[in-house]
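By convention in this document, chain letters (A, B, ...) are assigned in the order of the sequence lines, proteins followed by strands, and residues within each chain are numbered from 1.
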Amino acid sequence: MDGLSDLIRRKSASIALIIGVFVFWEVACLIGGISDIVLPRPTQIIASLIQYWPAIRPHAGQTLFTTLAGFGIGVLIGVAFGVAIGSSRLAYDTAYPLLVGISSIPKVAVVPIFVLWFGAGTVPAILTAAIICIFPIVVNVATGIATVEPELEDVMKTLKASKWDILWNVSLPRAMPYFFASLKVAVTLAFVGSVVAETVASNRGIGNMMMVASSTFNVPLVFAGLFILAGLGVGLYAIFSLAESRVTGWAHRKDLAVT
Amino acid sequence: MTLALAKVAPPPDDGMAAQETGSPETDGAARVSSARPFIEFEKVTVRFGKGDKQVQALSETSLAIAEGDFVALVGPSGCGKSTLLKLVGDLLKPSTGHVFVGGRELGATPIRIGMAYQNPTLLPWMNIRDNVMLPLKIVPPFRSEFSAKRKTEFRDRVEALLAQVGLAGFGDKFPWQLSGGMMQRANLCRALIHEPDLLLLDEPFGALDQFTREELWQIMQDLWMSKKTTVLLVTHDLREAGFLANRICVMSARPGRILDDSPVAFARPRGIDMTYEAEFVALNQRLRSLIVAARGGTGIVQAGGH
Ligand SMILES: Nc1ncnc2c1ncn2[C@@H]1O[C@H](COP(=O)(O)OP(=O)(O)OP(=O)(O)O)[C@@H](O)[C@H]1O
Ligand SMILES: [Mg+2]
C-alpha cells in the first residue's frame, strides 16, 4: 500500500511537471505574442492534430510500421552478432573494430545509398531504422554474455556442458537485463532512423508529412508531427520498460526486496 | 606413500559398513594394489603466456590421489593451487607432462566432477532449488530424464540435500535472499547433486566468518563420509585442511610443486575441539613453518604472524 501511494506521488509529480511545461509554453507564447509561424501554442498544435487527423493517421501508421520493421530486423541481427561476439574471443577481436567503424558512420549518410539501391519509399526507412539500432544491441548483448563470471563458466565446463548448454542456461538469461536496456535505447533510435529516411526520401510517413507541411508554412502541423513522434516514442519506450521489469526483475532485486 | 594413505582413508563408521556388506577389500587395499591411483600427475608443468611475460605456475609436479580420498592442498598465495585444481577439472591443459584421472588421460575420462569456488556464483534469476538442480539438467544420465523428473524425483533429491546442509525450506528463496554462508551451502549442494566421482573445492569457505566456516566443515565432513566422493580441497586455512582432509599436500612458492605430503590420521567423525588438541596444533605448526619457509620467510614462527 505504501509503495503504491508512493508510486502515485512520484508519478503525479512528473505528470504535473509535464503539464506545467505545456502551460508555461502556452502562456509564454500568448504574453510574448509569438507568431504561430515561429512557435505555435500547444492548443493550436492539438487543434491541428484533430483537424488533420484523417491525413495524419496513415503517415503515423507508416512511420510506426517502418520503425518497428527496422527495429525488428535490427534486434534479430543485433542479437545474432551480440551472441557470436560475446561468446567467442576470436569473433570479438575480429568483428569489434568493424562494428566500431560502422557505428561511427553517421547513419543519415547511408540513406542516399539505400535510396540508390532500393528506390525512395519504405525500404530505405526500414533499413535505416535497422542499421541505427543494431549497434547498441550488439554491444549490450555481447557485454552481457562476455561478462559471465569465470568461476561459473568453470563450474559449467567441469559438468561437461556444451557451449550451447552454457549459452542457453547461463549466458543468455544473464544478458537479458543488458538486452532490454539496449532495446529501450534502440527503439527510440529506430524512430530517428525511419523519420530521417522519410524526410529525405519518401512520400509517406510522419517525416515526409512534416517536410511537406513546413514547405507550406503549416507550422502547427509540423509540430503536430513532432507530437505524434513523441507519443509513439514514449509509448514504445514504456512497452519495453514494462517488458523489461517483467522479464528481468531479478536484476533489480534490491527494489524487489524493499517493496 | 599411497599405502600409508589407504590406511588412513576409510573413516571408522564407513569402514565398518564396508565390512558389513561383506567386501572389506573394496576399500583401500584392493585399490592401491590395483593398477593406478584415481588421480595421477606425472611431471606436470604449466606455463602461462609467452616470451618475457611467461609465468611458470607448476614445475614438474607429481602427485597421486586414491579414490575416495580427501586431500587438502595448501601453499603460499600464487603458487599454483588453483591451477592444479583446474588441471584436474580439465579446464586447463598441462604444458608438459600428463594428468590421468580414473586411469585415463584427461578429456577422455567420463567421470563426473563437481566444483565449488569461494564465489558461490548462484544464478540470480533462479531460486535455490533450480540453482542446485542445474547440474542435473546438464550431466548425463540425468539430463535425458530432467524434464520428466524435475518436479518429482529430482526435486525430492534437491530438498533432501538442502536439508542435509541446513537449508531445508529454502528451495523457493532466491540467492539474494540468502546470507553468504547460506549461498555457500547451496553452492556445495550444486556441486554434489549429480553425485560426482570427484569434488573440486577452491577455498569454498574462505569468505565466511569462523563460526559459519566451522559449521560448514562439519557438514562437509558428514557429506563426504556419507558419499565417499574423492575430494581435492584448496585452502589457506591450515585448521580447515587438518580438520577435513585425510592428507595434506604443501606446495612450494611459484613455480609450484609438492613440497610435503602428510597424512592426517585423526579418527572420524572429527569435532571442532580436536583442532585445539596438542597433536593437531603440532601438525598445524609444522605445516605453517613449511609454508612460511616456502614463501621465502625465515621459517621461524613469528608471533602473531599469519
Ligand atoms: N590465466 C592465467 N594467465 C596468466 N597467468 C596465470 C593465469 N592463471 C594463473 N596464472 C599465474 O599462475 C600462478 C598460479 O596461479 P594460481 O591461481 O594457481 O595460484 P593459487 O595458488 O591458486 O593462488 P591463491 O592462493 O592466491 O589463490 C600465479 O602466479 C598466477 O599469476
Ligand atoms: Mg587460487
Side-chain angles (χ1 to χ4, degrees), chain A residues 3 79 83 86-90 93 140-141 143-183 242-259, chain B residues 82-83 85-92 101 106-127 130-140 142-143 146 173-178 187-188 190-194 196-204 232:
Chain A
V79 169
V83 168
S87 43
S88 148
R89 184 81 227 172
L90 183 69
D93 291 342
N140 275 279
V141 171
T143 306
I145 288 178
T147 52
V148 169
E149 295 100 323
E151 291 99 337
L152 183 55
E153 230 176 298
D154 282 358
V155 168
M156 296 296 286
K157 281 183 188 159
T158 52
L159 296 174
K160 302 269 185 296
S162 64
K163 280 213 145 191
W164 173 252
D165 285 331
I166 297 180
L167 189 69
W168 186 248
N169 290 298
V170 176
S171 312
L172 279 182
R174 195 180 183 290
M176 279 299 122
Y178 296 85
F179 174 61
F180 274 94
S182 76
L183 281 192
L242 194 70
E244 177 185 28
S245 61
R246 282 285 160 81
V247 178
T248 65
W250 57 265
H252 312 283
R253 51 199 185 245
K254 297 261 159 53
D255 305 348
L256 286 176
V258 170
T259 48
Chain B
S82 299
T83 303
L85 212 61
K86 283 183 183 164
L87 285 167
V88 180
D90 198 18
L91 301 166
L92 204 67
V101 178
L106 261 180
T109 327
I111 62 159
R112 288 211 286 266
I113 302 179
M115 190 160 199
Y117 280 103
Q118 178 172 337
N119 176 359
T121 63
L122 299 173
L123 306 177
W125 57 89
M126 286 182 180
N127 62 25
D130 291 341
N131 261 295
V132 172
M133 228 185 258
L134 185 67
L136 299 180
K137 198 170 173 181
I138 288 165
V139 177
F142 311 107
R143 189 189 174 105
F146 185 75
K173 294 271 191 289
F174 282 82
W176 46 270
Q177 295 171 308
L178 267 57
N187 189 20
L188 272 184
R190 183 177 65 184
L192 284 168
I193 191 69
H194 56 297
D197 307 302
L198 174 61
L199 184 59
L200 302 176
L201 303 173
D202 198 341
E203 299 175 39
L232 190 51

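Interface remark: Y117(B) contributes side-chain atoms only to the contact with chain A (heavy atom separation under 4.5 Å). Both the backbone and the side chain of E151(A) come within contact range of chain B, judged by heavy atoms closer than 4.5 Å. With a 4.5 Å cut-off on non-hydrogen atoms, L198(B) does not touch chain A at all.
E244(A) is linked by a salt bridge (charged side-chain N to carboxylate O under 4.0 Å, His left out) to K184(A), counting only residues two or more places apart in sequence or in another chain. In this view, K137(B) satisfies the salt bridge (charged side-chain N to carboxylate O under 4.0 Å, His left out) rule with no residue, not counting sequence neighbours. Under the salt bridge (charged side-chain N to carboxylate O under 4.0 Å, His left out) criterion, D197(B) pairs with no residue at all, not counting sequence neighbours.
For the atom pair CG of L152(A) and CZ of R190(B), the computed distance is 6.0 Å after rounding to the nearest 0.5 Å. Here the straight-line distance linking atom OG1 of T158(A) with atom CG of L85(B) works out to 9.5 Å at 0.5 Å rounding. Rounding to the nearest 0.5 Å gives a distance of 5.5 Å between CE of M115(B) and CG of D154(A). Taking NZ of K157(A) as the start and CD1 of I138(B) as the end, the distance is 13.0 Å to the nearest 0.5 Å.
Residue-level contacts of residues 168-178 of chain A with chain B, in order of numbering, are N169(A), V170(A), P173(A), R174(A); threshold 4.5 Å between heavy atoms.
Looking at heavy atoms from C-beta onward, E153(A) lies out of side-chain contact with L91(B) at the 4.5 angstrom threshold.
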